[in-house]
Amino acid sequence: MVDGDILCATCIDSDSAEQHRFFTPFERIERGRIHPPEPEIVGDVATNRLLVQAFRYSMVHGTAPLMSLRKSAVIPTEYQLAPVIMALNQGERVRMLIADDVGLGKTIEAGLIVSELKSRNLASRVLIICPQNLREQWKDALRFFFQIDAKIFSSVHLRGLERGIPPGANPWDCYPCIITSIDYIKSERVRPFAISAGWDLVIIDEAHLAAKPHQSSEKESTGMLRHTLAKEVAKKTKHLLLLTATPHNGYTDTFASLLTMLDCGIVTGPPHEPVINRALAKDHVCQRRRKDVVDWFRSHAAEDNPFPTRDQKEVAVDLAFPEEHTIINELSNYGTGLLDLAERDDRIEVRTMARWVVLHLHRRGLSSPRALQISLENRLKRIEEKIREEDERQEQAISEGHAKAVALDEEGDNDLSDEEASERLDQVVYGSLTALEAEAERLRDLMKMARDVTPAKDSKLRELTRRNGYLDLAMRGQYGPRKVLIFTRYKDTLDYLAREIPKKLKSIDPAHVFAVYGDLNEKNRHEVMEAFIRAEYGVLVATDCISEGVNLQHMANQVIHYELPWNPNRLEQRNGRLDRYGQPEPEVHIRTLVMRDTLDAKILRVLYEKAQQIREDYGFSPPFFGDDADVISLIGEMGLDVGLPPAQRTLFDSYQERPGSGQRVDPFSEETIEKIKRESFYGQTGVDLEDVRARMALSEQVIGTEKDFERFVRNGLVRFGCEITENHDRNQTLRILLSNDLVVPGLPDVIEKATFEKRIALQEAGIEQLNTGHPVVRRLIELVKRDVFSPETKMYGRVCVVATPNVAHVTALYHFLVRYSIGGARPSLVEEIVPVACDLVTGSFPGEEEAAGLDRVEMVPLPPGREASVKKHLVRALAEETWSPVFAERIEARRQELVAEREALREQLATVYPDPGWLSGAAEVSVASHDLISLRLLEPVPAAGVRR
């Protein structure tokens, strides 16, 4: 060995505090160490860069005061950090209601809290309870952003998980993070096992579905399985997060039932007359309107307002054909007959169900001729069965509550899909055999009239598909990308539209019309939505199975409501799928088709115009509809049925006479709106996390561009023997065959579709984004860090030499891994990479910004004959006295910056939270240790065409 050669003494003495220091040969001999086989003396620059990048990507926000930022792939907007800070301020027991508006990112906010609690060892077992259609989205979000592997539990999913569950074991005990639907877990068969498993943290998404129904008196029964389940699980868990964009329905007792679940002493008094302690509640409720966040962006954020503007219009449709008038009028007369028949029955439940049946049939008729035909056929088939069997029994295949939910667009407390519930309501029949025979004859006449309304005589379909109409112009790109989402309430209308749209609009190929509905299984649903996204243009017709909680903003910016939902919240939930944070288009276009001179038109005028005015005046939506505050009772009580045909007015008259109507809240009254405003907690955007924001921005800047990251991953994968090929699809995805080193246990050895672009991964199912949180990328990072320190490595790169015209003198660029110890009740270590540069000729030290810039210098071949001087320069660069003075200054300055950042954060938070206890000791920062990760020697050479 030649004197002056450089060796790495890593992995030799694991107990040594200097394990990762560099040693010269003289130091090695003096210490009597025995080296393993020598690595290469000087490594290549590509490996050196790979090493430095690996450390940087492993600690994007390595010194952040929030641990969730250090361990997640998400880079949240600052306002999304407020719930995490509120949670930490609660100490050892976190109980929160996160009630941000639709589209502000409640899932990300909750995920950050989950990650924070897990990182601080405050939670390990997590249960997420949500509507069935949100399970996959929760699973993807936890995996994608927070590297949390969650299992979905349902009767179907459990069969696939049984192989990993010991015989006789409670399956809910066997997985640390489980996602399940509220209607699955509430059943008597499942609930005891789920709750007994013991959970550190429970999240209930769309928590308003589990609120207590309104109770007007102490003795009034308010039985509700969802609410019972939520109360029970809330008592059993240490930490609880309730998520909903619509927490208040206009009744204080219903809203208070959510706050009661938090079990923080917020609510006192009897359940029907609760008293809310606002002083206590404000520390447990995070509720921001979109208006609040937009105002915050204007005042605090460097980036522009990330929310689109909304172009929302109603399209009035005149009934142009006599056949349409005939069937609507005859259907109304038929409904009056059903109500009259029910009134002669002594049983209240028969009269109640009759009203829901009539409303349901009327709405089906307003939706599409095909939907009405199917309902009439279902009803006739059931009546004919009862006549054949001479069966006069009054059985019901659907509960009164769910029948009401189907008729009025409310959330049904049942496991039935919308399609199945609708079909069951079609088949609710009653009366004597004589009455049934008469009704059968009437139904046959109605079915003939319904068939007379052919697609050619369907005014609403004609409006949807007319030349130069909205859909036609949208398909020509007038309003943005040629992608339109059409919502309809009914599967039969969906089938009708999917069949007729391409017939009427010849510019749309049938293959470009896609359909998603409730009874479609998750696999097929993903395939359909993926095909819609891949298509150059397309129309996606969907029922409300994707109207709540599902993020569609990357799929389209245009939505058409084919019929008007009778619940304003349902319409706003639909719109919120596209009109939300992350919508890439600057404007969202919304159209709602409404037929004149029908109940839809009255509801539009009475409800939707008022709801829109409330949103404009107050910045929030009116209360969610449910319990007694439904649209029919509201319109009937307000006497706004003037101008409707007599048969349609009968719907109001009979509805108002139902027993137990009682006094109902007017959700649009000034009193109700003021109550909601008074009892809500809007505007919590007062915490200005300026220093946190600045540090996050600097961290993102230091780790490099997206192209830098892509280059790192590609180079790293190739170095470890992976095969990368192009898929040649519209998104230019990659197929990656992983080598044995990169295979992650439990995951496939092939990534069929990979991308580096977040936008593509979010908008298309089945595409994996390669980010710092992806399991394969994390494995790659750890392999690079481990391999370059291994004595057997073939990719030595801790030391390299670069020839460049961008330096005037020989310059050493060091990268140190520095560990800081943070004090407090739960001491922790944080890490970051600190670059230091030294001009070996003048002995001067470039500043931090200039040192960081040396990472990206232009490189040229090293001129021949420079090897001897390079060795001397390396020896000098590695001498501790060369770099230690400025390094000591640099890390002390950085330590003081961390102290100042934490103290500033405490001061900022103290303006809102008097004692942010979780920051206790956070400003007690000391340097714990440091390692020299790499040395890059920059040798000056003339620029191209320049002579010395």
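Listed here is the closest heavy atom pair of Leu280 and Gly265: CD1-O, 3.3 Å. Annotation for Pro192 and Ser187: closest pair CD-O, 4.4 Å, computed over non-hydrogen atoms. Closest approach of Leu240 and Met261 over heavy atoms only: CD2-O, 3.5 Å. The two residues Ala207 and Leu258 have their closest heavy-atom pair at O-CD2, 3.5 Å. Across all their heavy atoms, Pro83 and Met96 have their closest contact at O-SD, 3.6 Å. Across all their heavy atoms, Glu206 and Leu134 have their closest contact at CG-CD1, 4.0 Å.
Taking 4.0 Å as the cut-off between side-chain N and carboxylate O, Asp544 and Arg574 count as a salt-bridged pair. Under 4.0 Å is where a charged nitrogen must lie from a carboxylate oxygen, and between Arg191 and Glu188 at least one such pair does.
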Intermediate values then yes/no, side chain to side chain contact (heavy atoms under 4.5 Å, CB included), Lys235 and Asp263
CA-CA 8 Å; Lys235 290 178 181 177; Asp263 189 29; over 6 Å; no
One pair to check against salt bridge (charged side-chain N to carboxylate O under 4.0 Å, His left out): Arg288 and Asp100. What are the steps and the verdict?
CA-CA 5 Å; Arg288 279 85 57 88; Asp100 288 344; 2.8 Å; yes
Does Leu229 form a side chain to side chain contact (heavy atoms under 4.5 Å, CB included) with Ile129? I'd like the steps, not just the answer.
CA-CA 10 Å; Leu229 174 277; Ile129 303 171; 4.1 Å; yes
So Asp200 and Val126, side chain to side chain contact (heavy atoms under 4.5 Å, CB included) or not? Walk me through it.
CA-CA 6 Å; Asp200 302 314; Val126 181; over 6 Å; no
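Between the Gln132 side chain and the Asp183 main chain, no donor and acceptor come within less than 3.5 Å of each other. Between the Ser196 side chain and the Phe193 main chain, a donor and an acceptor come within less than 3.5 Å of each other.
Partner Lys212 forms a side chain to side chain donor-acceptor pair (under 3.5 Å) with one of Thr260, Thr254, Thr228, Asp253 and no other, that one being Asp253. When each of Val114, Leu242, Ile113 is paired with Ile203, the side-chain contact (heavy atoms from CB on, under 4.5 Å) condition holds for Val114 and for no other.
Counting non-hydrogen atoms of neighbouring residues, nucleotides and ligands closer than 6.0 angstrom, the NZ atom of Lys238 exceeds 12 such neighbours.
Looking at Ile204 and Thr244, their side chains never come closer than 4.5 Å, going by heavy atoms from C-beta outward.
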